[in-house]
Number of protein chains: 2
Amino acid sequence: MTTLSPAVEDYLKAIYEIQSEGDQDRVSTSALADCLGVARASVTGMLKKLNAMDPKLVNYIRYRGVQLTPAGEKIALEVLRHHRLIELYLSEALGYSWDEVHQEADNLEHVISEDLEDRIATLLGHPQVDPHGAPIPDRDGNISRREEVQLTQLGIHQPAHISRVSDHDPAMLRYLQELGLTLNAQIEVTEKAPFSGPLHIRLIGTEIVHALGRQVADYIFVTLGSTGRKKS
Amino acid sequence: MTTLSPAVEDYLKAIYEIQSEGDQDRVSTSALADCLGVARASVTGMLKKLNAMDPKLVNYIRYRGVQLTPAGEKIALEVLRHHRLIELYLSEALGYSWDEVHQEADNLEHVISEDLEDRIATLLGHPQVDPHGAPIPDRDGNISRREEVQLTQLGIHQPAHISRVSDHDPAMLRYLQELGLTLNAQIEVTEKAPFSGPLHIRLIGTEIVHALGRQVADYIFVTLGSTGRKKS
DNA sequence: GGACCTAGTTAGGCCAAACTAATTCAAGAG
DNA sequence: CTCTTGAATTAGTTTGGCCTAACTAGGTCC
């Protein structure tokens with residue numbers, strides 16, 4: 001474990017994230033470039049390096065995109081574990097709100113020691129999910145996969161609860177917060193406007209209905225039925 | 001404030017530390033190289049850059065060493081504030097012992113945001129010193145200077161308390177911990193062996209006496225008289 | 001004053017990670 | 001089957017931070 005550079009960790013993390021949110025297993029150079037905010041040529045260069053490393057971290061084929069190898073995925077999951085534990089820690093211990101944690105965690109994730117990670121995990125009681133509902137991998141790189149669907153895929157009047165929200169846009173997170181569309185909120189779709197128009201979302205148990213644009217709705221994931229928890 | 005690289009921050013911090021522990025105001029290239037663990041030539045190169053930056057961060061003259069400019073000192077103090085707040089936070093909130101905090105803080109100090117720094121400072125009640133007794137600069141770069149002397153300078157039977165210990169050697173910190181020579185310990189020197197031999201240190205209120213080598217004693221600073229606190 | 005030593009500097013290179021500009025590939029349209 | 005077009009790659013630079021090796025400034029000792 002020859003201690004990787006932050007850049008390498010970021011590439012692996014990005015590949016993992018794109019890979020797991022889209023449904024194709026290969027990730028394109030441009031998708032990565034956009035996600036990381038660097039030029040395409042830079043991505044090509046880095047992918048060649050990752051492909052040549054020992055152990056091989058990705059499976060890269062010219063013009064065909066990349067896949068993580070098991071070794072690469074392991075590292076991606078470690079970084080993700082750091083990221084999500086830090087997000088949760090910042091929110092639990094230091095009073096950060098869910099729109100503030102992401103940026104700070106991106107900086108911290110590459111520098112905390114395994115020891116600090118363990119202490120944080122223990123202090124938090126080995127939590128399963130971060131403040132946005134994303135699952136936290138365990139130390140061995142196991143990650144729990146839940147049966148989630150995109151909010152846009154949810155049927156009309158099908159009760160569900162918000163189980164996860166993308167953490168990438170703080171402004172959107174603040175917006176959702178204001179609407180009461182937070183983690184575990186019980187909701188149903190009452191109407192889907194055609195031509196990719198807005199979704200009408202009702203908070204179950206209330207008469208509150210919000211119209212949500214598709215772009216926003218795409219970043220929200222739900223699980224059918226209610227959450228285990230009682231309402232307070 | 002064009003966000004400086006970790007390397008630059010480390011150079012400035014090191015210059016500040018050497019400058020404030022030695023009594024000459026100019027820091028030599030070699031002292032810096034040793035402190036940072038890089039080659040001399042690398043230091044020369046970096047000093048030229050720091051000297052050419054706008055604003056000028058150091059005052060560097062060939063063959064004469066460097067000094068921090070006010071701008072450089074301000075940055076050094078910000079880094080030091082980060083470092084020491086993190087050390088204290090790790091020890092207070094996450095159960096780190098005083099020999100473990102330094103390494104972790106060295107990694108974290110370059111990446112925490114001002115916001116996180118503020119939250120930590122507030123949570124800790126705007127503390128004055130870190131776990132090794134080093135003063136924590138305030139946000140404006142003011143640092144309290146106390147009247148400390150090296151333990152080796154302390155007169156025989158002159159009662160004093162340990163007010164600061166160098167944080168650089170974890171093994172030494174563990175050793176001192178075992179001997180009960182922790183922060184604020186009330187001590188006196190009962191005997192100084194000649195020819196740079198060991199010092200005999202008595203813990204006031206006990207019969208416990210330890211013989212301490214000069215190298216170790218050089219890293220310990222004391223303040224005359226007792227600390228404000230009562231014994232528990 | 002010349003010889004000598006050490007700290008400090010210059011010169012020249014290396015590596016990682018980015019960039020731009022120019023070229024090549026792949027895959028769908030006609 | 002060829003053409004076109006957008007995605008991807010190559011080639012060539014740049015920048016930052018480090019290295020080694022070779023040279024120089026300045027002080028010490030006889």
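Order of the sequence lines fixes the chain letters, A, B, ..., with proteins taken first and strands second; residue numbering starts at 1 for each chain.
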Checklist outcome for this item: side-chain hydrogen bond (donor to acceptor under 3.5 Å, both in side chains) test vs Tyr96(A) passes for just one of Glu104(A), Glu87(A), His102(A), namely Glu104(A)
Item to check | NZ/NE/NH1/NH2 to OD/OE distance under 4.0 Å, Lys13(B) and Glu109(B) | outcome: yes
Checklist entry - Below 4.0 angstrom, N of the basic side chain to O of the carboxylate: do Glu78(B) and Lys74(B) qualify? => result yes
Item to check | Residue mapping more 5' on DNA chain C - nearest nucleotide basis, Tyr63(A) or Ala7(A) | outcome: Ala7(A)
Next on the checklist: Go nucleotide by nucleotide along DNA chain C from the 5' end; which of Val43(B) and Ala39(A) gets its closest nucleotide reached first?
Outcome noted: Val43(B)
Roughly, in whole Å, what's the span from [atom1] in [X] to [atom2] in [N]?
{"X": "Leu12(B)", "N": "dG17(D)", "atom1": "CG", "atom2": "C1'", "value": "15 Å"}
{"X": "Glu9(B)", "N": "dG17(D)", "atom1": "CD", "atom2": "C1'", "value": "15 Å"}
{"X": "Ile61(A)", "N": "dT9(D)", "atom1": "CD1", "atom2": "C1'", "value": "15 Å"}
{"X": "Met46(B)", "N": "dT10(C)", "atom1": "CE", "atom2": "P", "value": "16 Å"}
{"X": "His110(A)", "N": "dA16(C)", "atom1": "NE2", "atom2": "P", "value": "18 Å"}
{"X": "Met53(A)", "N": "dC15(C)", "atom1": "CE", "atom2": "C1'", "value": "12 Å"}
{"X": "Arg62(A)", "N": "dA7(D)", "atom1": "CZ", "atom2": "C1'", "value": "13 Å"}
{"X": "Leu32(A)", "N": "dA17(C)", "atom1": "CG", "atom2": "P", "value": "15 Å"}

Side-chain N or O of [X] less than 4.0 angstrom from OP1 or OP2 on [N]?
{"X": "Arg64(A)", "N": "dA27(C)", "answer": "yes"}
{"X": "Ser42(A)", "N": "dC19(C)", "answer": "yes"}
{"X": "Lys48(A)", "N": "dT10(D)", "answer": "yes"}
{"X": "Thr44(A)", "N": "dT9(D)", "answer": "yes"}
{"X": "Lys49(A)", "N": "dC15(C)", "answer": "no"}
{"X": "Ser28(A)", "N": "dA7(D)", "answer": "no"}

Next on the checklist: Within the structure provided, determine whether Glu100(B) and Leu90(B) are in side-chain contact (heavy-atom separation under 4.5 Å).
Outcome noted: no
Checklist entry - Hey, is CD on Gln150(A) packed in by over 12 heavy atoms from elsewhere, all under 6.0 Å? => result yes
